[in-house]
Amino acid sequence: MRFSSALNQIVNNPVTQFQNLSEILDPDIIDEGLAQNGVATIRRRKLPMESMVWAVIGMALFRQFPMRQLLSQLDIILPNERSYVAPSAVTQARHKLGSEAIRYIFERTQTQWHQQAEHPKWCGLTLLGVDGVVWRTPDSADNQSFGKTRNNHGDVSYPQVRMVCQMELTSHLLVNSAFAGIDTNEMRLAEQLIEQTPEHSLTIFDRGFYSLGLLHQWCKAGEERHWMIPLRKNTQYQVLHQLGRHDAIVELTTTPQARQKWKRLPETIQARLITKTVNGKPVQILTSMTDAKRYPGADIVDLYAHRWEIELGFREMKQYLLHNKLTLRSQQPELIKQELWGILLAYNLIRYKMTLMAKSLKGIHPNELSFHHASLHIIHKLTQLPYVTPGNIPKFVMDIEKDAQQFVLEHRRERSYPRLIKASKNRYPVKKKNAAHSLK
């Protein structure tokens with residue numbers, strides 16, 4: 001069933017009111033977000049701020065609708081008003097709402113939903129992943145501030161936003177995110193995630209985040225905030241003592257430049273280096289988990305494969321939630337930020353419902369459910385809420401989880417995607433060989 005097919009069932013529904021989704025997203029959190037950021041509807045407006053929060057979420061859930069049609073379709077305009085909304089009124093309402101209110105709502109809901117999810121742990125640690133993704137913005141004059149990239153031929157791209165996300169890997173629920181212009185380094189964005197990283201967690205990094213200053217600060221900022229990362233090629237280290245044949249505590253020397261940037265970074269740091277041969281190639285993993293009794297080395301290298309879950313999460317957002325419409329809607333930087341927080345919030349909302357689905361199935365984790373089909377089902381069910389009497393809404397919402405079995409994925413196949421250097425495309429047409437000559 002295609003996403004568009006599910007939406008066709010509600011195209012002619014004039015009473016799909018997002019206010020009825022209070023059973024999904026606590027209205028008190030919305031009110032807190034508006035109050036914390038000085039956004040409130042003091043007088044009677046055609047587009048109240050509480051409804052505009054749902055409009056921003058709807059921009060992600062119903063990606064194919066233009067904004068003005070989205071407002072009319074979701075019936076978030078006050079009753080007894082004309083259904084027509086001027087484009088300038090929509091822009092003004094979004095500007096008044098701003099991006100920080102949506103960010104606050106995202107942060108509050110992710111905390112609440114993670115607590116209710118009760119994620120499975122590895123050796124008492126919550127599994128997290130950190131990685132980056134790039135978003136494309138409209139090529140407006142204001143969005144030029146995000147910066148552009150050039151290819152090998154000098155062609156200029158659209159303005160782009162670089163984002164770094166932190167995700168719980170068994171549920172794909174996002175923990176935090178930071179984003180800025182395309183020229184901003186991913187490690188600088190990762191620094192902004194340190195404060196919100198949960199205690200008693202293990203964060204798995206890609207090798208692109210290798211920075212001793214970042215890794216040292218990551219584990220020292222809280223209790224049992226461990227990390228894991230592939231060892232960078234040609235890294236110099238000294239073995240202090242062996243924990244096993246391919247398991248050792250090593251000492252790494254930091255650079256003066258790193259110590260100048262990270263004031264509390266010592267001259268040397270200790271970490272655990274584990275080596276394992278995978279498909280005939282040695283794989284070296286560096287980690288802060290130095291307790292060999294509590295954290296068995298035989299599992300650590302295999303655990304790194306779970307980092308791929310965050311890549312799957314990015315694909316779910318772009319390919320399934322946004323229907324491969326890779327260019328964002330907004331024409332101004334502040335609204336781009338608002339739209340991105342709305343996408344993350346909408347994605348978490350669906351993923352939280354999938355977490356509840358998985359709870360009803362024995363031995364199934366949320367990442368073993370099909371996001372594509374489950375999201376179609378969840379969005380379709382939520383749009384039917386206006387037809388349900390208020391007293392039956394909790395029961396109706398819980399009925400979403402009853403159909404969870406049909407979304408269980410088949411066992412994943414083991415695949416290998418080695419990094420290869422692809423031949424660049426020829427800029428000039430190539431003369432094809434004569435067909436008759438090629439047959440000789």
Side-chain angles (χ1 to χ4, degrees), residues 1-10 21 23-25 60-63 109-110 112-122 125-129 131 165 167-175 202 204 299 302-324 343-385 394-417:
M1 181 178 182
R2 295 180 59 84
F3 192 48
S4 56
S5 301
L7 292 172
N8 285 337
Q9 302 180 36
I10 61 165
L21 296 178
E23 294 292 330
I24 307 298
L25 177 56
L61 294 178
F62 304 95
R63 185 65 176 87
T109 53
Q110 71 85 13
Q112 183 182 83
W113 291 341
H114 277 286
Q115 291 174 349
Q116 296 172 354
E118 299 178 355
H119 306 299
K121 300 181 185 300
W122 179 81
L125 303 177
T126 302
L127 292 181
L128 306 175
D131 207 350
C165 291
M167 175 184 288
E168 200 283 324
L169 298 179
T170 64
S171 66
H172 288 199
L173 272 171
L174 296 168
V175 177
L202 168 60
I204 305 176
D299 298 340
D302 295 335
L303 198 65
Y304 182 77
H306 291 279
R307 191 202 67 82
W308 190 252
E309 295 293 335
I310 192 170
E311 300 281 4
L312 297 178
F314 291 149
R315 186 183 71 174
E316 291 165 353
M317 277 186 267
K318 288 190 171 185
Q319 184 173 337
Y320 300 135
L321 184 60
L322 300 186
H323 252 228
N324 280 324
I343 291 172
L344 301 180
L345 180 56
Y347 177 76
N348 257 12
L349 188 150
I350 293 176
R351 268 295 170 186
Y352 171 63
K353 294 304 298 178
M354 291 179 65
T355 300
L356 298 183
M357 283 183 172
K359 271 189 174 183
S360 65
L361 302 173
K362 189 174 181 179
I364 298 295
H365 297 314
N367 60 357
E368 297 176 302
L369 300 178
S370 168
F371 178 85
H372 178 48
H373 295 96
S375 62
L376 298 180
H377 178 75
I378 292 169
I379 293 173
H380 177 63
K381 283 288 188 180
L382 296 183
T383 55
Q384 293 179 330
L385 281 176
K395 178 179 179 295
F396 182 82
V397 171
M398 292 307 298
D399 282 344
I400 295 178
E401 286 90 63
K402 291 183 178 179
D403 300 322
Q405 185 63 47
Q406 62 180 307
F407 305 124
V408 177
L409 293 167
E410 296 181 3
H411 184 69
R412 291 180 180 176
R413 290 173 289 174
E414 294 295 331
R415 298 180 178 180
S416 175
Y417 299 98

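One is the number of the first residue; the rest follow in order along the sequence.
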Distance from [X] atom [atom1] to [Y] atom [atom2], nearest 0.5 Å?
X      : Y      : atom1 : atom2 : value
His372 : Leu409 : NE2   : CG    : 11.5 Å
Leu61  : Leu322 : CG    : CG    : 9.5 Å
Ser171 : Leu127 : OG    : CG    : 10.5 Å
Asp131 : Glu309 : CG    : CD    : 12.5 Å
Phe407 : Ile364 : CZ    : CD1   : 14.0 Å
Gln116 : Leu356 : CD    : CG    : 7.5 Å

Min side-chain heavy-atom separation [X]-[Y] under 4.5 Å:
X      : Y      : value
Leu344 : Met317 : yes
Leu349 : Thr109 : no
Arg351 : Trp113 : no
Tyr347 : His172 : yes
Leu303 : Leu202 : yes
Ile310 : Ile204 : no
Gln110 : Leu174 : no
Leu369 : Val408 : yes

Shortest non-hydrogen contact from [X] to [Y]?
X      : Y      : result
Ala358 : Pro366 : CB-N, 3.7 Å
Glu168 : Pro120 : OE2-O, 4.4 Å
His365 : Thr170 : CB-O, 4.0 Å
Met167 : Gly313 : CE-CA, 3.9 Å
Ile350 : Leu321 : CD1-CD1, 3.8 Å
Lys359 : Ala117 : CE-O, 3.4 Å

Would you please test Gln406 and His373 for side-chain contact (heavy atoms from CB on, under 4.5 Å) and show each step?
CA-CA 9 Å; Gln406 62 180 307; His373 295 96; over 6 Å; no
Worked verdict on Phe371 versus Arg315 for side-chain contact (heavy atoms from CB on, under 4.5 Å):
CA-CA 10 Å; Phe371 178 85; Arg315 186 183 71 174; over 6 Å; no
Report yes or no: does Glu311 contribute a side-chain atom to a donor-acceptor pair with the main-chain N or O of Trp308 at less than 3.5 Å?
no
Steps toward side-chain contact (heavy atoms from CB on, under 4.5 Å) verdict (Leu173, His119)
CA-CA 10 Å; Leu173 272 171; His119 306 299; 4.0 Å; yes
